[in-house]
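What follows is a short report on a single structure.
In what follows, chains are A, B, ... by sequence order, proteins preceding strands, each numbered from 1. What you are looking at is a predicted structure, and each value in this text was computed from that prediction instead of being measured.
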Number of protein chains: 2
Amino acid sequence: MNDEPATTAKSTRHSRADVVDAALGILDEFGLPDLTMRRLAAKLDVQPSALYWHFDNKQALLAAVADRIIAGARVRDVAEAAGDGLGTRASERASWHVTTRAEALALRDALLAYRDSAEVVSSTLALGLGAGEAHCRLAAAIASGGFDVQASEASASALLHYLLGHVWHEQQRLQADSLGVVAPGYAVHPESASDVLATGGGASPVDGTAAFEFGLTLLLGGLSQLTRVRS
Amino acid sequence: MNDEPATTAKSTRHSRADVVDAALGILDEFGLPDLTMRRLAAKLDVQPSALYWHFDNKQALLAAVADRIIAGARVRDVAEAAGDGLGTRASERASWHVTTRAEALALRDALLAYRDSAEVVSSTLALGLGAGEAHCRLAAAIASGGFDVQASEASASALLHYLLGHVWHEQQRLQADSLGVVAPGYAVHPESASDVLATGGGASPVDGTAAFEFGLTLLLGGLSQLTRVRS
DNA sequence: ACCTGAACACCGTTCAAGT
DNA sequence: ACCTGAACACCGTTCAAGT
(Lines give C-alpha, C1' and ligand atoms only; values in the text may rest on other atoms or scores of the structure.)
Protein backbone atom coordinates (compact mmCIF):
# COMPACT_ATOMS: atom_id res chain seq x y z
CA MET A 1 0.00 0.00 0.00
CA ASN A 2 2.41 2.67 1.22
CA ASP A 3 5.33 2.88 -1.12
CA GLU A 4 7.15 5.38 0.98
CA PRO A 5 9.77 3.83 3.30
CA ALA A 6 9.87 4.83 6.92
CA THR A 7 13.22 6.57 7.00
CA THR A 8 15.29 7.65 4.03
CA ALA A 9 18.00 10.21 3.59
CA LYS A 10 17.04 11.45 0.19
CA SER A 11 19.57 14.02 -0.82
CA THR A 12 23.03 12.66 0.05
CA ARG A 13 24.92 9.96 -1.75
CA HIS A 14 25.38 6.62 -0.06
CA SER A 15 28.12 4.45 1.39
CA ARG A 16 28.42 0.70 1.84
CA ALA A 17 27.18 1.07 5.41
CA ASP A 18 24.07 2.90 4.23
CA VAL A 19 23.25 0.10 1.84
CA VAL A 20 23.63 -2.51 4.58
CA ASP A 21 21.43 -0.41 6.87
CA ALA A 22 18.69 -0.25 4.29
CA ALA A 23 19.04 -3.97 3.61
CA LEU A 24 18.65 -4.80 7.29
CA GLY A 25 15.58 -2.58 7.37
CA ILE A 26 13.94 -4.45 4.53
CA LEU A 27 15.03 -7.78 6.01
CA ASP A 28 13.24 -7.54 9.32
CA GLU A 29 10.31 -5.59 7.98
CA PHE A 30 9.48 -7.80 5.01
CA GLY A 31 11.83 -10.79 5.10
CA LEU A 32 14.45 -12.25 2.80
CA PRO A 33 12.25 -12.92 -0.23
CA ASP A 34 11.50 -9.20 -0.41
CA LEU A 35 15.12 -8.20 -0.05
CA THR A 36 15.74 -7.70 -3.76
CA MET A 37 18.28 -5.40 -5.33
CA ARG A 38 15.50 -3.42 -6.94
CA ARG A 39 13.56 -2.89 -3.74
CA LEU A 40 16.74 -2.00 -1.93
CA ALA A 41 17.62 0.52 -4.60
CA ALA A 42 14.13 2.01 -4.42
CA LYS A 43 14.45 2.41 -0.66
CA LEU A 44 17.67 4.34 -1.20
CA ASP A 45 16.16 6.46 -3.99
CA VAL A 46 18.68 5.09 -6.40
CA GLN A 47 18.80 3.02 -9.58
CA PRO A 48 19.38 -0.75 -9.07
CA SER A 49 22.61 -0.54 -10.98
CA ALA A 50 23.98 1.90 -8.42
CA LEU A 51 24.22 -0.90 -5.88
CA TYR A 52 26.84 -2.61 -8.00
CA TRP A 53 29.26 0.15 -7.34
CA HIS A 54 29.13 -0.73 -3.61
CA PHE A 55 28.98 -4.52 -3.90
CA ASP A 56 30.14 -6.96 -6.55
CA ASN A 57 26.89 -8.86 -6.42
CA LYS A 58 23.94 -9.72 -4.20
CA GLN A 59 25.83 -12.46 -2.42
CA ALA A 60 28.51 -10.03 -1.29
CA LEU A 61 25.81 -7.72 -0.02
CA LEU A 62 24.20 -10.53 1.94
CA ALA A 63 27.55 -11.44 3.44
CA ALA A 64 27.91 -7.89 4.74
CA VAL A 65 24.40 -8.08 6.14
CA ALA A 66 25.24 -11.38 7.85
CA ASP A 67 28.36 -9.90 9.39
CA ARG A 68 26.36 -7.07 10.89
CA ILE A 69 23.76 -9.44 12.28
CA ILE A 70 26.21 -11.64 14.14
CA ALA A 71 28.20 -8.60 15.21
CA GLY A 72 25.12 -7.78 17.28
CA ALA A 73 25.91 -10.69 19.57
CA ARG A 74 27.38 -8.98 22.57
CA VAL A 75 27.35 -11.13 25.64
CA ARG A 76 25.29 -9.23 28.19
CA ASP A 77 26.66 -9.96 31.64
CA VAL A 78 27.54 -13.62 31.63
CA ALA A 79 26.54 -13.80 35.26
CA GLU A 80 23.03 -12.72 34.41
CA ALA A 81 22.72 -15.27 31.67
CA ALA A 82 24.08 -17.98 33.96
CA GLY A 83 22.42 -17.51 37.35
CA ASP A 84 18.96 -18.78 36.57
CA GLY A 85 17.94 -20.86 39.54
CA LEU A 86 20.77 -23.24 40.24
CA GLY A 87 22.99 -22.96 43.29
CA THR A 88 24.27 -19.50 42.39
CA ARG A 89 28.05 -19.43 42.77
CA ALA A 90 28.61 -23.17 42.94
CA SER A 91 31.76 -23.35 40.87
CA GLU A 92 34.58 -20.97 41.67
CA ARG A 93 36.71 -20.92 38.54
CA ALA A 94 34.92 -19.61 35.49
CA SER A 95 33.11 -22.72 34.35
CA TRP A 96 33.51 -23.14 30.61
CA HIS A 97 30.07 -24.53 30.01
CA VAL A 98 28.43 -21.49 31.50
CA THR A 99 30.24 -19.09 29.22
CA THR A 100 29.76 -21.37 26.23
CA ARG A 101 26.07 -21.54 26.96
CA ALA A 102 25.90 -17.76 27.35
CA GLU A 103 27.77 -17.31 24.08
CA ALA A 104 25.36 -19.60 22.25
CA LEU A 105 22.32 -17.88 23.72
CA ALA A 106 23.67 -14.45 22.83
CA LEU A 107 24.25 -15.64 19.29
CA ARG A 108 20.73 -16.94 19.05
CA ASP A 109 19.38 -13.65 20.39
CA ALA A 110 21.35 -11.75 17.79
CA LEU A 111 19.85 -13.94 15.08
CA LEU A 112 16.33 -13.61 16.40
CA ALA A 113 16.63 -9.83 16.16
CA TYR A 114 16.22 -10.00 12.38
CA ARG A 115 13.83 -11.92 10.22
CA ASP A 116 15.28 -14.80 8.19
CA SER A 117 18.68 -14.07 9.68
CA ALA A 118 19.59 -17.74 10.08
CA GLU A 119 19.21 -18.33 6.36
CA VAL A 120 21.27 -15.27 5.52
CA VAL A 121 24.04 -16.21 7.95
CA SER A 122 24.05 -19.87 6.89
CA SER A 123 24.33 -18.98 3.23
CA THR A 124 27.27 -16.82 4.02
CA LEU A 125 29.04 -18.98 6.57
CA ALA A 126 29.99 -21.81 4.27
CA LEU A 127 31.70 -19.44 1.91
CA GLY A 128 33.96 -18.23 4.68
CA LEU A 129 32.78 -14.74 3.87
CA GLY A 130 31.31 -13.89 7.24
CA ALA A 131 30.22 -15.26 10.58
CA GLY A 132 33.66 -16.67 11.21
CA GLU A 133 33.70 -14.54 14.32
CA ALA A 134 30.86 -16.54 15.82
CA HIS A 135 32.79 -19.76 15.38
CA CYS A 136 35.86 -18.23 16.99
CA ARG A 137 33.98 -17.03 20.04
CA LEU A 138 32.38 -20.41 20.61
CA ALA A 139 35.64 -22.26 20.11
CA ALA A 140 37.39 -19.96 22.59
CA ALA A 141 34.71 -20.48 25.21
CA ILE A 142 34.98 -24.24 24.82
CA ALA A 143 38.76 -24.26 24.80
CA SER A 144 38.72 -22.49 28.16
CA GLY A 145 37.40 -25.77 29.54
CA GLY A 146 40.69 -27.45 28.83
CA PHE A 147 39.88 -29.17 25.55
CA ASP A 148 42.49 -29.25 22.84
CA VAL A 149 42.18 -26.90 19.89
CA GLN A 150 40.99 -29.55 17.50
CA ALA A 151 38.17 -30.76 19.71
CA SER A 152 37.23 -27.19 20.58
CA GLU A 153 36.89 -26.15 16.97
CA ALA A 154 35.00 -29.27 15.97
CA SER A 155 32.64 -28.76 18.90
CA ALA A 156 32.13 -25.13 17.99
CA SER A 157 31.21 -26.19 14.47
CA ALA A 158 28.72 -28.72 15.75
CA LEU A 159 27.22 -26.15 18.09
CA LEU A 160 26.98 -23.60 15.32
CA HIS A 161 25.33 -26.04 12.96
CA TYR A 162 22.80 -26.95 15.59
CA LEU A 163 22.20 -23.31 16.44
CA LEU A 164 21.64 -22.24 12.86
CA GLY A 165 19.49 -25.25 12.11
CA HIS A 166 17.34 -24.54 15.13
CA VAL A 167 16.91 -20.82 14.58
CA TRP A 168 16.24 -21.31 10.92
CA HIS A 169 13.48 -23.73 11.82
CA GLU A 170 12.04 -21.27 14.34
CA GLN A 171 12.05 -18.43 11.87
CA GLN A 172 10.55 -20.44 9.07
CA ARG A 173 7.81 -21.65 11.36
CA LEU A 174 7.13 -18.05 12.35
CA GLN A 175 6.58 -16.86 8.84
CA ALA A 176 4.72 -20.03 7.90
CA ASP A 177 2.29 -19.42 10.73
CA SER A 178 1.88 -15.77 9.82
CA LEU A 179 1.07 -16.75 6.26
CA GLY A 180 -1.45 -19.26 7.50
CA VAL A 181 0.32 -22.10 5.75
CA VAL A 182 -0.25 -25.19 7.84
CA ALA A 183 0.16 -28.78 6.82
CA PRO A 184 -3.01 -30.81 6.24
CA GLY A 185 -2.02 -33.94 8.18
CA TYR A 186 0.02 -32.07 10.74
CA ALA A 187 -3.05 -30.34 12.16
CA VAL A 188 -2.47 -28.28 15.27
CA HIS A 189 0.42 -29.55 17.29
CA PRO A 190 1.33 -27.92 20.62
CA GLU A 191 3.97 -25.55 19.28
CA SER A 192 1.73 -23.79 16.80
CA ALA A 193 -1.16 -23.31 19.19
CA SER A 194 -0.10 -19.73 19.69
CA ASP A 195 -0.73 -18.53 23.22
CA VAL A 196 -1.52 -21.84 24.85
CA LEU A 197 1.86 -22.01 26.53
CA ALA A 198 0.82 -24.19 29.43
CA THR A 199 0.59 -27.61 27.83
CA GLY A 200 2.21 -29.97 30.29
CA GLY A 201 4.37 -29.60 33.35
CA GLY A 202 5.79 -26.24 32.41
CA ALA A 203 9.50 -26.96 32.10
CA SER A 204 9.13 -28.98 28.91
CA PRO A 205 10.37 -27.41 25.69
CA VAL A 206 7.18 -25.81 24.43
CA ASP A 207 8.72 -22.48 23.50
CA GLY A 208 11.68 -21.95 21.26
CA THR A 209 14.14 -20.95 23.94
CA ALA A 210 13.55 -24.04 26.07
CA ALA A 211 13.78 -26.30 23.03
CA PHE A 212 17.02 -24.64 22.02
CA GLU A 213 18.48 -25.01 25.50
CA PHE A 214 17.60 -28.67 25.55
CA GLY A 215 19.75 -29.40 22.53
CA LEU A 216 22.41 -27.12 23.89
CA THR A 217 22.50 -29.15 27.10
CA LEU A 218 22.83 -32.33 25.10
CA LEU A 219 25.85 -30.99 23.23
CA LEU A 220 27.52 -29.59 26.32
CA GLY A 221 26.83 -32.81 28.17
CA GLY A 222 28.52 -34.84 25.49
CA LEU A 223 31.39 -32.40 25.43
CA SER A 224 31.97 -32.73 29.16
CA GLN A 225 32.56 -36.45 28.68
CA LEU A 226 35.54 -35.79 26.45
CA THR A 227 39.04 -36.13 27.85
CA ARG A 228 40.69 -32.85 28.78
CA VAL A 229 44.25 -31.93 27.89
CA ARG A 230 44.59 -29.91 31.09
CA SER A 231 42.39 -29.75 34.15
CA MET B 1 26.03 -25.40 -24.55
CA ASN B 2 23.91 -28.53 -25.04
CA ASP B 3 20.28 -27.66 -24.58
CA GLU B 4 19.10 -31.22 -24.97
CA PRO B 5 18.54 -33.03 -21.64
CA ALA B 6 19.92 -36.51 -21.17
CA THR B 7 16.69 -38.46 -20.93
CA THR B 8 13.21 -37.32 -21.81
CA ALA B 9 10.03 -39.13 -22.64
CA LYS B 10 8.70 -36.86 -25.30
CA SER B 11 5.37 -38.18 -26.45
CA THR B 12 3.31 -39.17 -23.39
CA ARG B 13 1.61 -36.88 -20.92
CA HIS B 14 2.99 -36.60 -17.44
CA SER B 15 2.04 -37.39 -13.86
CA ARG B 16 3.09 -35.84 -10.56
CA ALA B 17 5.76 -38.52 -10.18
CA ASP B 18 7.23 -37.66 -13.58
CA VAL B 19 7.53 -34.03 -12.60
CA VAL B 20 9.30 -34.94 -9.36
CA ASP B 21 11.64 -37.25 -11.28
CA ALA B 22 12.58 -34.49 -13.65
CA ALA B 23 13.03 -32.06 -10.77
CA LEU B 24 15.39 -34.45 -8.99
CA GLY B 25 17.32 -34.80 -12.21
CA ILE B 26 17.82 -31.07 -12.54
CA LEU B 27 18.59 -30.81 -8.83
CA ASP B 28 21.61 -33.05 -8.71
CA GLU B 29 22.82 -32.17 -12.17
CA PHE B 30 22.67 -28.40 -11.87
CA GLY B 31 21.64 -27.56 -8.30
CA LEU B 32 18.78 -25.71 -6.67
CA PRO B 33 19.30 -22.30 -8.30
CA ASP B 34 18.78 -23.93 -11.69
CA LEU B 35 15.68 -25.78 -10.59
CA THR B 36 13.20 -23.28 -12.01
CA MET B 37 9.69 -23.97 -13.15
CA ARG B 38 10.63 -22.93 -16.66
CA ARG B 39 13.64 -25.21 -16.90
CA LEU B 40 11.65 -28.05 -15.42
CA ALA B 41 8.90 -27.50 -17.96
CA ALA B 42 11.44 -27.43 -20.76
CA LYS B 43 12.90 -30.73 -19.61
CA LEU B 44 9.42 -32.24 -19.76
CA ASP B 45 8.70 -30.70 -23.19
CA VAL B 46 5.85 -28.79 -21.71
CA GLN B 47 4.77 -25.19 -21.13
CA PRO B 48 5.62 -23.76 -17.68
CA SER B 49 1.96 -23.28 -16.93
CA ALA B 50 1.38 -27.01 -17.32
CA LEU B 51 3.23 -27.63 -14.06
CA TYR B 52 0.54 -25.78 -12.17
CA TRP B 53 -1.93 -28.49 -12.95
CA HIS B 54 0.25 -30.95 -10.99
CA PHE B 55 1.31 -28.67 -8.14
CA ASP B 56 -0.24 -25.59 -6.57
CA ASN B 57 3.07 -23.75 -6.60
CA LYS B 58 6.81 -24.22 -6.56
CA GLN B 59 6.91 -24.73 -2.82
CA ALA B 60 4.56 -27.68 -3.06
CA LEU B 61 6.75 -29.14 -5.78
CA LEU B 62 9.83 -28.76 -3.61
CA ALA B 63 8.06 -30.43 -0.72
CA ALA B 64 7.38 -33.45 -2.91
CA VAL B 65 11.02 -33.44 -3.96
CA ALA B 66 12.11 -33.32 -0.33
CA ASP B 67 9.87 -36.23 0.56
CA ARG B 68 11.45 -38.34 -2.14
CA ILE B 69 14.94 -37.43 -1.01
CA ILE B 70 14.46 -38.46 2.59
CA ALA B 71 12.47 -41.50 1.51
CA GLY B 72 15.78 -42.69 0.11
CA ALA B 73 17.07 -43.21 3.64
CA ARG B 74 16.80 -46.93 4.04
CA VAL B 75 18.93 -48.24 6.85
CA ARG B 76 21.32 -50.69 5.25
CA ASP B 77 22.07 -53.46 7.73
CA VAL B 78 22.41 -51.74 11.07
CA ALA B 79 25.05 -54.29 12.01
CA GLU B 80 27.21 -53.16 9.11
CA ALA B 81 26.88 -49.52 10.03
CA ALA B 82 27.65 -50.29 13.65
CA GLY B 83 30.48 -52.79 13.70
CA ASP B 84 33.36 -50.57 12.74
CA GLY B 85 36.24 -51.59 14.93
CA LEU B 86 34.95 -51.71 18.46
CA GLY B 87 34.48 -54.94 20.38
CA THR B 88 31.97 -56.35 17.90
CA ARG B 89 29.00 -57.74 19.83
CA ALA B 90 29.72 -56.12 23.15
CA SER B 91 26.17 -55.21 24.11
CA GLU B 92 23.52 -57.87 23.92
CA ARG B 93 20.23 -55.96 23.84
CA ALA B 94 19.87 -53.73 20.81
CA SER B 95 21.73 -50.64 21.99
CA TRP B 96 19.70 -47.55 21.20
CA HIS B 97 22.65 -45.36 20.42
CA VAL B 98 23.87 -47.70 17.71
CA THR B 99 20.55 -47.68 15.88
CA THR B 100 20.17 -43.94 16.39
CA ARG B 101 23.62 -43.39 15.00
CA ALA B 102 22.87 -45.64 12.04
CA GLU B 103 19.61 -43.82 11.43
CA ALA B 104 21.35 -40.46 11.41
CA LEU B 105 24.10 -41.67 9.09
CA ALA B 106 21.57 -43.16 6.70
CA LEU B 107 19.71 -39.89 6.67
CA ARG B 108 22.88 -38.00 5.90
CA ASP B 109 23.70 -40.41 3.10
CA ALA B 110 20.26 -39.91 1.62
CA LEU B 111 20.80 -36.16 1.67
CA LEU B 112 24.26 -36.38 0.16
CA ALA B 113 22.82 -38.28 -2.79
CA TYR B 114 21.36 -35.05 -4.20
CA ARG B 115 22.84 -31.63 -4.61
CA ASP B 116 21.46 -28.89 -2.34
CA SER B 117 19.18 -31.46 -0.73
CA ALA B 118 19.68 -30.08 2.78
CA GLU B 119 18.35 -26.71 1.74
CA VAL B 120 15.36 -28.24 0.01
CA VAL B 121 14.53 -30.46 2.97
CA SER B 122 15.06 -27.69 5.51
CA SER B 123 12.79 -25.30 3.65
CA THR B 124 10.12 -27.93 3.64
CA LEU B 125 10.52 -29.33 7.13
CA ALA B 126 9.42 -26.26 9.04
CA LEU B 127 6.18 -26.12 7.13
CA GLY B 128 5.31 -29.63 8.25
CA LEU B 129 4.92 -30.51 4.58
CA GLY B 130 7.53 -33.21 4.38
CA ALA B 131 10.44 -34.84 6.13
CA GLY B 132 8.30 -35.58 9.16
CA GLU B 133 9.18 -39.20 8.60
CA ALA B 134 12.82 -38.52 9.35
CA HIS B 135 11.94 -37.01 12.70
CA CYS B 136 9.75 -39.98 13.56
CA ARG B 137 12.44 -42.52 12.78
CA LEU B 138 15.01 -40.72 14.88
CA ALA B 139 12.58 -40.27 17.78
CA ALA B 140 11.69 -43.96 17.69
CA ALA B 141 15.33 -45.02 17.73
CA ILE B 142 15.99 -42.79 20.70
CA ALA B 143 12.86 -43.84 22.56
CA SER B 144 14.03 -47.45 22.35
CA GLY B 145 16.73 -46.43 24.79
CA GLY B 146 14.16 -45.91 27.50
CA PHE B 147 13.72 -42.15 27.30
CA ASP B 148 10.27 -40.70 27.66
CA VAL B 149 8.42 -39.51 24.59
CA GLN B 150 8.99 -35.85 25.27
CA ALA B 151 12.74 -36.15 25.64
CA SER B 152 12.93 -38.49 22.65
CA GLU B 153 11.15 -36.06 20.37
CA ALA B 154 13.11 -33.07 21.59
CA SER B 155 16.35 -34.99 21.07
CA ALA B 156 15.28 -36.05 17.61
CA SER B 157 14.64 -32.42 16.75
CA ALA B 158 18.05 -31.39 18.02
CA LEU B 159 19.69 -34.17 16.06
CA LEU B 160 17.81 -33.26 12.92
CA HIS B 161 18.72 -29.61 13.23
CA TYR B 162 22.35 -30.51 13.67
CA LEU B 163 22.22 -32.95 10.77
CA LEU B 164 20.63 -30.50 8.37
CA GLY B 165 22.90 -27.69 9.45
CA HIS B 166 25.94 -29.85 8.92
CA VAL B 167 24.97 -31.27 5.55
CA TRP B 168 23.88 -27.89 4.30
CA HIS B 169 27.29 -26.55 5.20
CA GLU B 170 28.99 -29.45 3.45
CA GLN B 171 26.96 -28.99 0.30
CA GLN B 172 27.42 -25.25 0.18
CA ARG B 173 31.14 -25.66 0.62
CA LEU B 174 31.15 -28.16 -2.21
CA GLN B 175 29.56 -25.82 -4.70
CA ALA B 176 31.54 -22.86 -3.40
CA ASP B 177 34.75 -24.75 -4.05
CA SER B 178 33.61 -25.83 -7.50
CA LEU B 179 32.81 -22.22 -8.36
CA GLY B 180 36.22 -21.19 -7.13
CA VAL B 181 34.73 -18.80 -4.61
CA VAL B 182 37.10 -18.66 -1.69
CA ALA B 183 37.30 -16.08 1.04
CA PRO B 184 40.25 -13.66 0.96
CA GLY B 185 41.21 -13.89 4.65
CA TYR B 186 40.20 -17.50 5.04
CA ALA B 187 42.93 -18.68 2.67
CA VAL B 188 43.36 -22.42 2.41
CA HIS B 189 42.35 -24.20 5.56
CA PRO B 190 42.76 -27.96 5.86
CA GLU B 191 39.24 -28.90 4.80
CA SER B 192 39.36 -27.21 1.44
CA ALA B 193 42.76 -28.55 0.47
CA SER B 194 41.07 -31.16 -1.65
CA ASP B 195 42.95 -34.43 -1.67
CA VAL B 196 45.35 -33.76 1.17
CA LEU B 197 43.42 -35.97 3.55
CA ALA B 198 46.30 -36.86 5.81
CA THR B 199 46.76 -33.70 7.83
CA GLY B 200 47.27 -34.85 11.37
CA GLY B 201 46.83 -38.11 13.23
CA GLY B 202 44.26 -39.54 10.88
CA ALA B 203 41.26 -39.94 13.16
CA SER B 204 40.64 -36.21 13.44
CA PRO B 205 37.63 -34.78 11.61
CA VAL B 206 39.22 -33.74 8.34
CA ASP B 207 36.54 -35.16 6.09
CA GLY B 208 32.83 -34.49 6.29
CA THR B 209 31.83 -37.87 7.65
CA ALA B 210 34.25 -37.76 10.59
CA ALA B 211 33.22 -34.21 11.42
CA PHE B 212 29.59 -35.21 11.30
CA GLU B 213 30.18 -38.20 13.54
CA PHE B 214 31.96 -36.04 16.07
CA GLY B 215 28.92 -33.86 16.62
CA LEU B 216 26.74 -36.93 16.58
CA THR B 217 28.83 -38.44 19.37
CA LEU B 218 28.46 -35.24 21.37
CA LEU B 219 24.69 -35.31 21.10
CA LEU B 220 24.41 -39.02 21.89
CA GLY B 221 26.80 -38.59 24.79
CA GLY B 222 24.69 -35.85 26.28
CA LEU B 223 21.60 -37.91 25.70
CA SER B 224 23.01 -40.87 27.57
CA GLN B 225 23.37 -38.69 30.66
CA LEU B 226 19.63 -38.11 30.81
CA THR B 227 17.51 -40.05 33.26
CA ARG B 228 15.68 -43.00 31.78
CA VAL B 229 12.06 -43.80 32.48
CA ARG B 230 12.75 -47.54 32.19
CA SER B 231 16.02 -49.41 32.08
C1' DA C 1 -7.20 -35.34 -17.25
C1' DC C 2 -3.64 -32.75 -18.98
C1' DC C 3 -1.87 -29.07 -21.60
C1' DT C 4 -1.23 -24.45 -24.72
C1' DG C 5 -0.62 -19.39 -25.47
C1' DA C 6 -0.32 -15.24 -23.92
C1' DA C 7 0.11 -12.17 -20.61
C1' DC C 8 1.46 -9.78 -15.80
C1' DA C 9 4.58 -8.27 -12.62
C1' DC C 10 8.67 -9.08 -11.42
C1' DC C 11 14.09 -10.65 -11.00
C1' DG C 12 19.95 -9.99 -11.01
C1' DT C 13 23.45 -8.01 -13.69
C1' DT C 14 26.15 -5.29 -17.23
C1' DC C 15 27.87 -1.24 -19.28
C1' DA C 16 28.40 2.99 -21.45
C1' DA C 17 27.84 7.45 -20.01
C1' DG C 18 27.12 11.25 -16.83
C1' DT C 19 28.68 14.59 -12.55
C1' DA D 1 33.51 8.71 -5.96
C1' DC D 2 28.97 7.71 -6.90
C1' DC D 3 25.17 7.35 -9.90
C1' DT D 4 21.80 7.20 -14.36
C1' DG D 5 19.48 4.94 -18.39
C1' DA D 6 18.77 1.42 -20.98
C1' DA D 7 19.13 -2.98 -22.07
C1' DC D 8 19.70 -8.46 -21.60
C1' DA D 9 18.25 -12.69 -20.15
C1' DC D 10 15.68 -14.40 -17.08
C1' DC D 11 11.88 -15.45 -13.02
C1' DG D 12 6.85 -17.49 -10.69
C1' DT D 13 2.09 -17.42 -11.52
C1' DT D 14 -2.64 -16.81 -13.64
C1' DC D 15 -6.23 -17.83 -16.76
C1' DA D 16 -8.94 -18.50 -20.65
C1' DA D 17 -9.03 -21.85 -23.95
C1' DG D 18 -7.95 -26.18 -26.21
C1' DT D 19 -8.09 -31.79 -26.62
For the pair made of [atom1] in [X] and [atom2] in [N], what is the distance, rounded to whole Å?
{"X": "B/Gln47", "N": "C/dA7", "atom1": "CD", "atom2": "P", "value": "13 Å"}
{"X": "B/His54", "N": "D/dT13", "atom1": "NE2", "atom2": "P", "value": "15 Å"}
{"X": "A/Tyr52", "N": "D/dA6", "atom1": "OH", "atom2": "C1'", "value": "15 Å"}
{"X": "B/Lys58", "N": "C/dC11", "atom1": "NZ", "atom2": "P", "value": "15 Å"}
{"X": "B/Leu44", "N": "C/dC3", "atom1": "CG", "atom2": "P", "value": "8 Å"}
{"X": "A/Phe30", "N": "C/dC10", "atom1": "CZ", "atom2": "P", "value": "14 Å"}
{"X": "B/Leu40", "N": "D/dG12", "atom1": "CG", "atom2": "P", "value": "9 Å"}
{"X": "B/Asp56", "N": "D/dT13", "atom1": "CG", "atom2": "P", "value": "10 Å"}

Q: Output the single nucleotide from D/dA1, C/dT13, D/dT13 whose closest atom is nearest the side chain of A/Arg38.
A: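 Taking heavy atoms from C-beta onward, the closest nucleotide is C/dT13.
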(Q) Defining pairs by Watson-Crick or G-U wobble geometry with both distances under 3.5 Å, how would you list the stems of DNA chain C with at least three pairs each? (A)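 When the pairs of DNA chain C are grouped into runs of at least three, the stems are C:4-8 with D:12-16, C:12-16 with D:4-8.
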Q: Using side-chain contact (heavy atoms from CB on, under 4.5 Å) as the criterion, point out the one residue from B/Leu107, B/Asp28, B/Thr124, B/Leu24 that pairs with B/Ile69.
A: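 Only one option passes, and that is B/Leu24.
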Q) When rounded to the nearest Å, what value does the distance between C1' atoms of C/dC2 and D/dA17 take? A)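 Between the two C1' atoms, the distance is 13 Å.
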Q) Counting only non-hydrogen atoms, which of residues 17-24 of chain B are less than 4.0 Å from DNA chain C? A)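 Listed by number, there are none.
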(Q) OP1 or OP2 of C/dA1 versus the side-chain N and O atoms of B/His14: is any pair under 4.0 Å? (A)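 So the side chain of B/His14 is outside the cut-off, no N or O lying under 4.0 Å from OP1 or OP2 of C/dA1.
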Q) How long is the gap from OG on B/Ser117 to CZ on B/Arg68, to the nearest 0.5 Å? A)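 Taking OG in B/Ser117 and CZ in B/Arg68, the distance rounds to 14.5 Å.
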(Q) What I want to check is whether an N or O donor and acceptor connect the side chain of A/Ser49 with the base of D/dG5 at under 3.5 Å. (A)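 Answer yes: a donor N or O sits under 3.5 Å from an acceptor.
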